[in-house]
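This report refers to the structure that appears directly beneath it.
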Amino acid sequence: MIEKLNLKILELLVDKQLSISGLTRELKAEGVDEHRLILTGYLRALRDLEILQEIEVPPSKIYAMPESFVDSQSAELAAAGTSGVSENSENIYFLIRTQLLKIDLDLRIPVGVHVISKLFERPCFRKELKLVGITSKHLDQYCEKSGVVSEAFATHLKKYRSEVTRIEIPPDDPAYEIRVNSEEISRFANEVLAGIIKHRIDLDGLVAKSKQTTLLP
């Protein structure tokens, strides 16, 4: 239920702003019937993580994607030849972000760095981590206490920055790479990539209705 709630809330708020009452109605229409108090606590947690923006409109509170996230996504879509925030679901950073929300908070950073580095065959920039929902504060705190992810000092970083044309990478934007890979990080990264594929490709008639619970030898 939590995973479904994660994705549904983000999907509903991609191109609109909703109050708790509005979200409750929209979620029920999507088949997600959650108590208002639970939904309220969950939205505030997403606000505290800077995943959602809370706007005071007395006597209500309105929830939306952070303005910086929406603005940057719109700019990227325009650069790619598309328009409209409602098309964010086709944006690679949005797709990664929705999949990362299924993962424990501290694992999102190494998995996000791993996925972006593998997809784009280069270190992952701080700007990109912000686009997939990882705040600078959380990133700095994580890097201080963990040796799994560290700042990249590759000689080609300037070249990489210039070659990224879909979004604007600041000239002093640091990049990150995985220093200590693990089976857990690789497994979650594969789940993120599989989730993106499932989102983009119609798999009806191919996915088993009765899910396999144990791996084949």
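Between Y176 and P123 there is no side-chain heavy-atom pair separated by less than 4.5 Å. The shortest side-chain heavy-atom distance between L18 and E26 falls under the 4.5 Å cut-off.
Proximity of a side-chain donor or acceptor of N190 to a complementary backbone N or O of S186 within less than 3.5 Å is detected. The backbone N or O of E168 sits nowhere less than 3.5 Å from a side-chain atom of R161 that would complete a donor-acceptor pair.
Of the inter-residue distances, the one linking T40 atom OG1 with L43 atom CG reads 6.5 Å to the nearest 0.5 angstrom. Rounded to the nearest 0.5 angstrom, K127 NZ and I169 CD1 are separated by 6.0 Å. Rounding to the nearest 0.5 Å gives a distance of 10.0 Å between CG of L129 and OG1 of T135. The line from CZ of F120 to CD1 of I92 is 5.5 Å long, rounded to the nearest 0.5 Å.
A side chain to side chain contact (heavy atoms under 4.5 Å, CB included) with L131 is found for one member of F125, Y93, F94 and no other, namely Y93.
A side-chain N or O of S150 and one of R179 form a donor-acceptor pair less than 3.5 Å apart. A donor-acceptor contact closer than 3.5 angstrom links the side chains of S21 and R36. When only modelled atom types and interatomic distance are considered, E54 and Y63 share a side-chain donor-acceptor pair under 3.5 Å.
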Audit row: R126, D140, salt bridge (charged side-chain N to carboxylate O under 4.0 Å, His left out) steps and yes/no: CA-CA 10 Å; R126 179 181 286 251; D140 291 339; 2.8 Å; yes
